[in-house]
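Contents: one structure, followed by commentary.
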Protein chains: 2
Amino acid sequence: MAGDGTRSFGVLTEMSGFLLSMAQAHVYRMDEQLEALEGLSTAQLSVLTVIHENPGIRHGEVAEMLVIKLAYMTKLLKGFESSGWVERQSDPADRRAIHLSLTPEGKAVVGRTLPRLLAHDAERPNGLTPREIGQLKRLLTKYLGLPERDEG
Amino acid sequence: MAGDGTRSFGVLTEMSGFLLSMAQAHVYRMDEQLEALEGLSTAQLSVLTVIHENPGIRHGEVAEMLVIKLAYMTKLLKGFESSGWVERQSDPADRRAIHLSLTPEGKAVVGRTLPRLLAHDAERPNGLTPREIGQLKRLLTKYLGLPERDEG
DNA sequence: TATTGTTATACTCTATAACTATA
DNA sequence: TATAGTTATAGAGTATAACAATA
């Protein structure tokens, strides 16, 4: 922060939105150096993971789950297809829809990189104790309306 | 989410980084409709607030505090200058440095819009109780290594 | 008419690097 | 040599809208 050490955020730090944005920036900054993902970004790996977890999921469903714009999903999926990681299958009952699944190569990529990201996430430096990290994850899960996972 | 209602994020939800990213996306989505900021984005208002709170702060210090790239800060500040909200003053002791402060108009804009953003932030829908929001803010503050504010 | 997905454009912000002017 | 800030370019991702195919 430099200067005289008295720099202040004022009331910004009273807003959950500001704090979440700053925390995300912190995560982004830590993750950008991560070379264990074979060139994948965390966002890309999230998409592959969701397809892996939900074989046959539709294009638009993935976009909605991950809050990614449909128009941008199209671009991402094109890349995954040309990498040979994702297959599309059009629905015979509704031929507008496209169902997605991972190829064996796609599954292998997720199998290699996702555990590395998990480990990295658990070790990413922050000011919290392991117990507090657990609290934070529980609160964020509820914040987002996601189903709770019963931790060990 | 549509489909059969059994869509899963798999282990993604075990990662604080993923949850923070999703929460930030949620905030962004809620805030983009906010018309009370007179055309300002929340990021822009954050910059103005930090200058307001720390008159004379240097260009690069603002960028570091808010985790904004220096190159992009230059562009933002140009816009603020041409809006007549921010003034630059070069440091006579170190003529590379630029000190920033708000004009009366800049202060007026912050005075009008910041309270509206505060109110909006407190009302942004989420799955937490007010007490849990307080916990979340406290954990994020500590996560980021920011000084604690003693809440009422 | 509404919905699924595609394409294209403008815009925001990061990553990077070359550059000026100081120190 | 290093630091503060500027400028430029490439890329990720959003906002928006027009479009094709299908329902």
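For B/Arg95, whose side chain is taken as the heavy atoms from C-beta onward, the closest listed nucleotide among D/dG5, C/dA23, C/dT6 is C/dA23. Nearest nucleotide to the A/Ala97 side chain, out of D/dG5, C/dT14, C/dG5: C/dG5.
Annotation for B/Pro147 and B/Thr141: closest pair O-CG2, 3.6 Å, computed over non-hydrogen atoms. Minimum heavy-atom separation, B/Met22 to A/Met65: CE-O, 3.1 Å.
For B/Lys69 and C/dA15, the NZ to P distance is 5 Å, given to the nearest whole Å. Rounding to whole angstrom units, CD1 of residue A/Ile68 and C1' of D/dA12 are separated by 11 Å. One interatomic measurement links the two molecules: CG of A/Asp94 to C1' of D/dT22, which rounds to 7 Å at whole-angstrom precision. Computed from coordinates, the B/Tyr28 OH to D/dG13 P distance equals 13 Å when rounded to whole Å. The distance between atom CZ of B/Arg29 and atom C1' of D/dT14, rounded to the nearest whole Å, is 12 Å. Going from atom CG of A/Leu40 over to atom P of D/dA12 covers 12 Å, rounded to whole Å. D/dA4 atom P lies 13 Å from atom CD1 of B/Ile57, rounded to whole Å. Summarising the geometry, the separation between CD on A/Glu64 and C1' on C/dT4 is reported as 13 Å, rounded to the nearest angstrom.
Salt bridge annotation for B/Arg124-B/Asp31: present, with a cationic side-chain nitrogen under 4.0 angstrom from a carboxylate oxygen. Of the charged side-chain nitrogens involved, none lies within less than 4.0 Å of a carboxylate oxygen, so that A/Glu132 and A/Lys137 do not count as a salt-bridged pair. The pair A/Arg88-A/Glu81 meets the salt-bridge criterion, with a side-chain N (NZ, NE, NH1 or NH2) lying under 4.0 Å from an Asp/Glu carboxylate O. Between B/Glu148 and B/Lys142 there is no salt bridge, since no side-chain nitrogen of the basic residue lies less than 4.0 Å from a carboxylate oxygen of the acidic one.
For A/Arg88, a side-chain nitrogen or oxygen approaches OP1 or OP2 of C/dT6 to under 4.0 Å.
Residue-to-nucleotide proximity on DNA chain C shows that, of A/Arg96 and A/Glu32, the 5′-proximal contact is made by A/Arg96.
At the heavy-atom level, B/Ala63 lies nowhere under 4.0 Å from the strands shown.
Remark: A/Glu32 CD is packed, more than 12 non-hydrogen atoms of other residues, nucleotides or ligands lying under 6.0 Å away.
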Shorter than 3.5 Å, N or O on both sides, protein versus nucleotides 7-12 of chain C: list them out with atom names.
residue	atom	partner	partner atom	Å
C/dT7	OP2	A/Lys78	NZ	2.6

